[in-house]
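Notes follow once the structure below has been shown.
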Amino acid sequence: MNVAIYSNSSFGGCYEYAKQIAQAYCNNAEIKNCYALFPKGGGKGCSCAVPKLMKDKIFSRKILLLGKIYFIIRSILNPLKAFRFAKKNNINLFIFNDFDQVSSFFWTRMFKKRTFKVAIILHDPDRTAYFSRKKWSESSMQRIMDVVDIAFYHEKLPDLPYYKNSDQRILYAKIPHGIYPPAPDDLDIKQTIKKIKDSGLKIVSITGNIRTEKNYRLAIQATAKISNIALLIAGRTVTTQENIDDYKNYAKENNVEDRVFFLTKYLNNSEMSTILKYSDIVLLYYSQTFKSQSGILNSLTPFSPKLIVSDTDSGMAYSARRFKLAKMVVPDNVDALIDAIKNYPEQNPYEKSWKVFEEYSSWKRNIEIQISTYQKILQTKNDK
């Protein structure tokens with residue numbers, strides 16, 4: 001069985017995920033060849049990486065127009081390059097770990113003439129707001145699902161029109177996310193956290209890409225009401241709608257600018273691991289509207305942290321409830337958040353649950369389900 005994994009980025013969570021599943025495929029006895037298609041220069045540390053796609057970053061963020069033009073070009077050409085690679089190398093299963101929704105109107109036409117099976121991993125399954133117009137978003141995602149044979153998702157799939165599968169053509173399967181191994185400590189961040197803790201404060205952290213749904217304002221309000229905590233906000237802005245200065249000003253308005261710390265950058269593995277490891281409480285207190293399938297739980301697992309999760313309908317909240325990993329808190333309510341932080345037991349009551357979650361969420365199990373699903377769809381076709 002020959003497998004190709006398409007991953008059009010060379011940084012971030014989906015990129016790390018692609019490297020992990022590629023390596024797991026390479027280690028599986030049923031796989032003859034596995035090719036992980038990355039942008040040129042990407043895929044380091046992955047033995048089956050094929051850095052064949054166009055680079056994802058060649059212009060600085062200051063040159064916005066050229067960056068946008070280049071993004072559209074590579075979004076059209078990369079899937080076509082991958083398609084030709086799949087045909088040339090007799091691929092049996094082609095997996096979209098990332099997918100180019102912006103250009104699906106172009107490249108999906110070629111994928112309708114394939115001889116191999118196509119699978120997709122729906123890391124962030126709610127694609128309805130991808131474009132400014134809902135109709136465009138739904139239509140572009142429907143184009144992708146029209147060429148998919150297998151759809152993998154983590155824990156929960158939202159009820160959206162492009163997943164209806166009325167003709168039962170697509171085989172849906174739930175897979176565990178897999179556990180990311182911890183990286184070595186970042187000594188600078190470790191020292192910064194130590195200084196904060198030495199002043200008598202406990203660290204409450206929010207990590208990852210800066211987005212409104214992570215409820216920074218409520219976390220800042222809670223910090224103002226709890227005198228013995230410091231709030232660490234670490235991550236980078238990914239949209240023009242988010243301005244980190246707004247949150248800094250909000251901290252000043254609440255008179256906690258000396259207890260709210262910002263690390264505004266893309267976090268590498270060591271930086272992320274260090275923050276998660278040494279935080280006293282980690283906040284995944286997302287808003288009701290955020291349907292996250294976030295892999296952050298799988299980055300947190302090695303540390304068995306004290307965790308607060310908003311009790312929503314997201315896949316991440318579903319996992320936290322199912323495995324009893326966190327204190328579940330009613331969403332978008334500052335009083336509930338304050339109470340959860342103030343009354344979190346000194347001894348983490350959920351520590352043992354993390355071990356159960358770790359056993360369930362192995363990369364080996366992930367790949368075994370992917371392979372068996374592929375075999376099942378072949379069998380279904382033969383039966384017909």
Side-chain angles (χ1 to χ4, degrees), residues 155-156 193 196-197 199-235 247 250-251 253-263 272 275-357:
E155 301 308 333
K156 190 177 177 74
I193 291 176
I196 297 172
K197 289 190 173 186
S199 69
L201 298 173
K202 293 182 178 181
I203 298 284
V204 176
S205 66
I206 307 174
T207 61
N209 292 337
I210 305 295
R211 42 194 306 168
T212 304
E213 295 93 340
K214 292 186 178 181
N215 275 332
Y216 304 102
R217 289 178 181 269
L218 291 186
I220 290 170
Q221 291 176 40
T223 303
K225 297 292 184 179
I226 307 172
S227 61
N228 67 334
I229 67 169
L231 178 64
L232 175 58
I233 297 173
Y247 297 119
Y250 194 69
E253 291 172 15
N254 284 268
N255 299 313
V256 288
E257 66 269 26
D258 59 333
R259 289 195 288 121
V260 179
F261 299 86
F262 295 87
L263 179 62
M272 175 69 85
I275 293 171
L276 299 179
K277 181 178 180 180
Y278 294 105
S279 293
D280 293 288
I281 295 176
V282 176
L283 288 189
L284 299 180
Y285 190 63
Y286 299 165
S287 69
Q288 181 75 53
T289 58
F290 190 37
K291 306 300 182 186
S292 174
Q293 302 276 5
S294 176
I296 187 67
L297 290 179
N298 304 72
S299 296
L300 284 164
T301 300
F303 312 119
S304 304
K306 291 182 179 180
L307 182 63
I308 292 175
V309 174
S310 50
D311 197 359
T312 66
D313 194 36
S314 73
M316 184 189 64
Y318 173 86
S319 292
R321 282 192 300 268
R322 177 185 174 190
F323 290 96
K324 298 181 174 62
L325 301 177
K327 179 175 283 193
M328 307 301 297
V329 180
V330 61
D332 306 316
N333 186 309
V334 68
D335 292 328
L337 178 59
I338 291 169
D339 181 71
I341 295 173
K342 290 177 69 174
N343 296 304
Y344 214 119
E346 285 298 320
Q347 183 64 37
N348 187 357
Y350 309 104
E351 189 169 357
K352 291 182 180 179
S353 299
W354 285 100
K355 303 302 179 185
V356 178
F357 181 69

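Numbers here simply count residues along the sequence, with the first being 1.
Ser279 OG to Leu307 CG: the interatomic distance, rounded to the nearest 0.5 Å, is 10.5 Å. A distance of 9.5 Å separates CG in Leu263 from CD1 in Ile193, rounded to the nearest 0.5 Å. Distance check: Ile220 CD1 to Asn255 CG gives 12.5 Å after rounding to the nearest 0.5 Å. A distance of 8.5 Å separates CG of Asn254 from NZ of Lys225, quoted to the nearest 0.5 Å. A distance of 9.0 Å separates CD of Gln288 from OG of Ser314, quoted to the nearest 0.5 Å. Atom CG of Leu283 sits about 10.5 Å away from atom OH of Tyr216, to the nearest 0.5 Å.
Counting only heavy atoms from C-beta outward, the side chains of Ile233 and Ile210 approach each other to under 4.5 Å. Residues Lys306 and Pro345 form no side-chain contact, since every pair of their non-hydrogen atoms from C-beta on lies 4.5 Å or further apart. Counting heavy atoms from C-beta outward, Leu297 and Leu284 have side chains that approach closer than 4.5 Å. When side chains are defined from C-beta on, Ile206 does not count as touching Tyr286, because their heavy atoms never get closer than 4.5 Å. Contact check for Asp313 versus Lys156: side-chain heavy atoms found under the 4.5 Å cut-off. Counting heavy atoms from C-beta outward, Phe357 and Asn298 have side chains that approach closer than 4.5 Å.
Within the structure, the salt bridge (charged side-chain N to carboxylate O under 4.0 Å, His left out) test picks out the following pairs touching residues 206-217 (sequence neighbours left out): Arg211-Glu213.
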Next on the checklist: Between Met316 and Ile296, does the side chain to side chain contact (heavy atoms under 4.5 Å, CB included) criterion hold? Intermediate values first, please.
Outcome noted: CA-CA 9 Å; Met316 184 189 64; Ile296 187 67; 3.9 Å; yes
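Here the closest heavy-atom approach between residue Leu337 and residue Leu218 is recorded as CD2-O, 3.9 Å. In plain terms, the two heavy atoms of Ala230 and Ile196 that are nearest each other are CB-CG2, 3.7 Å. Shown here for Pro302 and Ser299, the closest heavy-atom pair between the two residues is CD-O, 3.3 Å. Across every non-hydrogen atom of Arg321 and Asp311, the tightest pair is NH1-OD1, 2.7 Å. Summarising the geometry of Ile203 relative to Asp280, their closest heavy-atom pair is N-OD2, 2.7 Å, with the distance given to 0.1 Å. Asn348 and Pro305 make their closest contact through ND2-O, 3.0 Å (heavy atoms, listed as atom of the first residue, atom of the second, distance).
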Atom pairs and distances, side-chain donor-acceptor, residues 322-330, under 3.5 Å, sequence neighbours left out:
{"residue": "Arg322", "atom": "NH1", "partner": "Glu155", "partner atom": "OE1", "Å": "3.4"}
{"residue": "Lys327", "atom": "NZ", "partner": "Asn343", "partner atom": "O", "Å": "3.2"}

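In terms of modelled atom types and a separation under 3.5 Å, the side chain of Tyr250 and the main chain of Gln221 share no donor-acceptor contact. Panel note: side chain Tyr285, backbone Asp332; a donor-acceptor pair is recorded below 3.5 Å.
Checked by atom type, the side-chain pair Ser287/Thr289 shows a donor-acceptor distance below 3.5 Å.
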